[in-house]
Amino acid sequence: MTIDYNTLTVPQATQLQKEMKDKIVLSPFTGKINYVAGTDISFDKFSTHVYAGITVLSFPDLKPVAYSLIRKEVHFPYVPGYLAFREVPALLDAWEQLELKPDVVVLDGHGIAHPRRMGIASHFGVLINRPTLGCAKKKLYGIYEEPAENAGAWSVLYDKQQQPIGSVLRTKNKIKPVFVSPGHLTDIADSRQIVEQCITKYRLPEPTRLTHNFVNQFRLGALEAGFHRL
DNA sequence: GCGACAG
DNA sequence: ATCTTGTCGC
């Protein structure tokens, strides 16, 4: 599958999402996790470049073992529901130069918890054909009831037809919950359990949190582009 | 027409 | 996402 992300229009992007939707595989996550990865994007306010990063952590101890950083020019604007078309190109480059491939990737955004069930986690997962899941800080689509205020509490995120599309998970006591949904090659329950196992002392899972730190240092010039082993 | 709206 | 300091609460 070859996608020209540079001259794509939103209507064409919508059509692509509808076509890609049928390629998503939602199955229980089987096998052992030795490595989990996180992804993130950062950019300067009025720049046409984005800074992308992927961090690989050992599992279940969650220690960073390697990371990939890359800067790339982007043309697609940020439009709610089309985040993948803006961030995936850079993430694919970072993925290709990642010498150590993880067993599952945590994306900063949604998976199937999307108007057309094609959030960035599903989009990226289908393209790399690997297990992925989305963990977002805010809801994009769906209906839910607030989970209890204790860490570990969660509720189901439903679409307009009352079909489950993800989980609203409280990762810390009395702190705003995160929105977890499967991307590709995993399901709702397993994607939630994986995120729970990636929580230490912060609201966001370690893969996402550490990658955000690396990418920001990269954007500020404190780290170099490329693949790095720790 | 109004409200919602990942990063 | 990014622009930005201190401040309130557990």
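Quick note on labels: first sequence line is chain A, next is B, and so on, each numbered from 1. Quick note: numbers below take in every heavy atom, side chains included, and nothing from hydrogens, waters or symmetry partners. What you are looking at is a predicted structure, and each value in this text was computed from that prediction instead of being measured.
Shortest non-hydrogen contact noted between L230(A) and A66(A) is CD1-N, 4.1 Å. Minimum interatomic distance between L57(A) and P207(A) (heavy atoms only, all atoms of both residues): CD1-CA, 3.7 Å. Nearest heavy atoms, P182(A) versus I165(A): CD-O, 4.1 Å.
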Output field dot_bracket for DNA chain C (Watson-Crick or G-U, both distances under 3.5 Å, | for other-strand pairs) contains ..........
Which dot-bracket string fits DNA chain B when only Watson-Crick or G-U wobble pairs with both atom distances under 3.5 Å count, crossing pairs get [ ], and | stands for a partner on a different strand?
-> .......
How far apart are the C-alpha atoms of Y51(A) and D44(A), what are their side-chain angles, what is the distance that settles it, and do they pass the side chain to side chain contact (heavy atoms under 4.5 Å, CB included) test?
-> CA-CA 9 Å; Y51(A) 298 78; D44(A) 292 313; 3.5 Å; yes
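The side chain of N216(A) contributes an N or O atom lying less than 4.0 Å from OP1 or OP2 of dT2(C).
When heavy atoms are screened at a 4.0 angstrom cut-off, H212(A) is found touching the sugar-phosphate backbone but no base atom.
Defined by atom type and a distance below 3.5 Å, a donor-acceptor pair is missing between the side-chain atoms of Q193(A) and Q197(A). No donor-acceptor contact under 3.5 angstrom links the side chains of T171(A) and R203(A), judged on distance only. In summary, the side chains of Q12(A) and T9(A) do present a donor paired with an acceptor at a separation below 3.5 Å, with no hydrogens or angles considered.
Rounded to an integer number of Å, the gap from K45(A) NZ to dT4(C) C1' is 11 Å.
A search for ring pair (Phe, Tyr, Trp, His ring centres under 6.0 Å) contacts involving F59(A) returns nothing, not counting sequence neighbours. When the ring pair (Phe, Tyr, Trp, His ring centres under 6.0 Å) test is applied to Y67(A), the partners found at least two apart in sequence or on another chain are F214(A), H228(A).
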Please list each protein N or O that sits under 3.5 Å from an N or O in nucleotides 7-10 of chain C, with the distance.
none

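The one candidate from D61(A), T211(A), T200(A), T55(A) that meets the side-chain contact (heavy atoms from CB on, under 4.5 Å) condition with E206(A) is T200(A).
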Base versus backbone protein contacts along nucleotides 2-7 of chain B [heavy-atom cut-off under 4.0 Å; B, S, -] | ---SBB
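For K176(A), the NZ atom is loosely surrounded, since the number of other residues' heavy atoms within 6.0 Å does not exceed 12.
A salt bridge links D108(A) to K137(A): one of the charged nitrogens lies within less than 4.0 Å of a carboxylate oxygen.
Between H184(A) and F124(A), the ring centre distance reaches or exceeds 6.0 Å.
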